[in-house]
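Residue indices begin at 1 and follow the sequence shown. Just follow the structure's listing: the first ligand is 1, and inside any ligand the first atom is 1.
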Amino acid sequence: QKRAVAHVALFPSAGIGHLVPFLRLAAMLASPNCQCRVTLIAVQPPVSAAESNELSAFFASHPQINRLDFHILIPSSPSEFADAEKPDPFFARFRAVSSSVHLLHPLLASLSTPPLSAIFADFVVAADINRLADELSIPLYIVSTSSARFFSLIACLPDLILESKSSEDSSIQLPGLASVPISSLPPPFFTPDHIFTAHIRLNAQFLSKAKGILLNSFDWLESETIAAVNTGRVLAHLPPSLPIGPFEPCKAVVKAGSYLQWLDGQPNESVVYVGFGSRTALSKEQIRELGNGLERSGCRFLWVIKTTKVDKDETEDLQDLLGSSFLERTKKKGLVCKGWVEQEQVLAHPAIGGFVSHCGWNSVTEAARFGLPLLAWPLHGDQKLNAEVTEKAGLGVWMRHWGWLGENLVKGEEIGDQIVQLMQDKTLRIKAKKVKEEARKAYEVGGSSKKVLLEIIENL
Ligand code: BUP
């Protein structure tokens, strides 16, 4: 007997790091394997140019997915938060999206071919979307865009009192979980009325109302954390955590970028890729030290540089930033790109042998998929806990003493040494391939993530 088609609305929030996993999940749900009708809510206007570009490319290559543009209200005055004068534009957008959720009501209520079976929404809108899902009597699943390790911490955030960072070496003990070093907690967590902290804390209080938490992770990678959460050892009231990752890349392969052609000319596993995600800009001084490190390492490199949090604000010229003599001296070995490369395709390229990464969770899951060893350089937010997962899995090494963004100036000499070690470490390379194998197994027939995803759809 043929089952009725499930219709899922996917609701991402702001920033590429939050959009990419939703695009991938949308493509997976609409694929012949899952056969869902999918509506993707496209928040308008996006903060960055990268989000607009990704949305356009995605809908062009996935015509079967229904696009629902959602025009949000953007407040004109600064809000009541500690950092209100200059709030991070992505955090401010989390708030704006949340406070616009009521406007989604008529849009979702009118989706009727077939009627909606469920909403899969970003964690950062959990509170408001929970109310809406209730009004519409539609089951709600919350999507975590981070590691299970970080997500379990934020689930506990409403019960945590974090007052001072004074004891740098100590850690906090959360029920059922491995202890979390104080130094790995995002620094804003120590300021209760910081926009990020207040928003996360508020939304964490609504997790218990969801039917499940969808994790872009897999059992093998984070088995202890997932088991602790699912046996009620962390918090008794949490819904099941459902590991359905790593989400599959979903882009049409393009060979457009000149950097891909450049990679074609490099020996296998000889190039280190350096990228710190879509919203992390190193200081100019740190950029110069990193350049120095890459040059000293003598390794081939592909380096994507950003100098601003939001891509639209970029004005720096590479020559001014690095000096024309650096570019001239390294041109036989390295390629420096400004702003954006197709990272999925870069990581999949046989010439890439290592990845210097900030450990944004998408980057980590991509490295896992492609079996690429990481030099973890976490810089803010969830990234230190993601780096911990990376290291524990054998996917990478983490220089703990390099610290958060701006905390230390990491010298080129040390960076260069670590890059050489990364590229020469045969044991790490073998371990990273093992992670790739486990990631692949999660999605083969009967694999852990595939089973969980098909069960979710079956139950819709
Ligand atoms: Br930059 C960049 N090309 O040039 P993360 C990013 N990406 O394809 P972030 C590109 O964006 P959060 C580029 O493959 C990954 O899927 C990359 O997500 C892609 O980091 C995504 O790794 C970036 O999670 O987000 O952007 O810092 O802070 O939310 O983790």
Side-chain angles (χ1 to χ4, degrees), residues 12-25 27 46-55 57-58 88-91 93-94 122-124 143-147 149-151 154 186 188 196 199-200 216-217 245-254 256-257 259-260 273-282 302-312 314 335-349 352 355-370 372 374 376-387 389-390 395-396 404-405:
S13 177
I16 274 288
H18 288 250
L19 179 62
V20 165
F22 276 87
L23 299 181
R24 291 180 177 159
L25 190 52
V47 178
S48 60
E51 289 162 85
S52 308
N53 298 340
E54 291 299 287
L55 280 167
F58 181 78
D88 178 299
F90 294 98
F91 300 159
R93 190 55 59 87
F94 291 168
D122 194 329
F123 161 72
V124 300
V143 179
S144 156
T145 56
S146 186
S147 54
R149 177 82 171 122
F150 185 72
F151 199 78
I154 54 182
F196 178 65
H199 194 73
I200 298 287
N216 181 13
S217 191
F247 296 167
E248 291 167 37
C250 64
K251 282 195 186 166
V253 175
V254 282
Y259 51 90
L260 291 170
Y273 168 65
V274 184
F276 298 99
S278 62
R279 56 196 195 90
T280 304
L282 299 179
L302 173 60
W303 179 16
V304 202
I305 291 194
K306 282 181 62 66
T307 62
T308 57
K309 205 172 261 185
V310 179
D311 53 9
K312 293 171 183 164
E314 284 280 358
L335 191 63
V336 185
C337 299
K338 192 77 192 310
W340 188 261
V341 298
E342 293 299 336
Q343 183 169 300
E344 238 172 50
Q345 287 182 42
V346 166
L347 297 181
H349 198 286
I352 299 292
F355 182 7
V356 179
S357 170
H358 69 317
C359 290
W361 189 242
N362 295 297
S363 293
V364 172
T365 56
E366 287 158 20
R369 257 194 167 274
F370 298 116
L372 274 178
L374 282 182
W377 189 350
L379 295 162
H380 56 83
D382 57 349
Q383 295 158 14
K384 282 196 184 178
L385 287 184
N386 299 347
V389 176
T390 306
L395 185 62
W404 291 116
L405 184 66

**Study point:** Donor + acceptor pair across side chains of E51, S48 (<3.5 Å)
**Key:** yes

Exercise for review: State the SG-NE2 distance between C359 and H380, to the nearest 0.5 angstrom.
Suggested key: 11.5 Å

Exercise for review: Answer yes when E314 and K338 have at least one side-chain N-carboxylate O distance shorter than 4.0 Å, and no when they do not.
Suggested key: yes

**Study point:** Residues in the immediate environment of ligand 1 (any heavy atom closer than 4.0 angstrom)
**Key:** I16, G17, H18, V20, R24, G277, S278, R279, G339, W340, V341, Q343, H358, G360, W361, N362, S363, E366

Point to revise | For K309, all residues meeting side chain to side chain contact (heavy atoms under 4.5 Å, CB included), sequence neighbours excluded | key: D88, P89, F90, R279

**Study point:** I352: side chain to side chain contact (heavy atoms under 4.5 Å, CB included) partners, not counting sequence neighbours
**Key:** L263, V271, Y273, V346, H349, L372

Practice item. Using side chain to side chain contact (heavy atoms under 4.5 Å, CB included) as the criterion, list what pairs up with A368, not counting sequence neighbours. Key: L395, V435

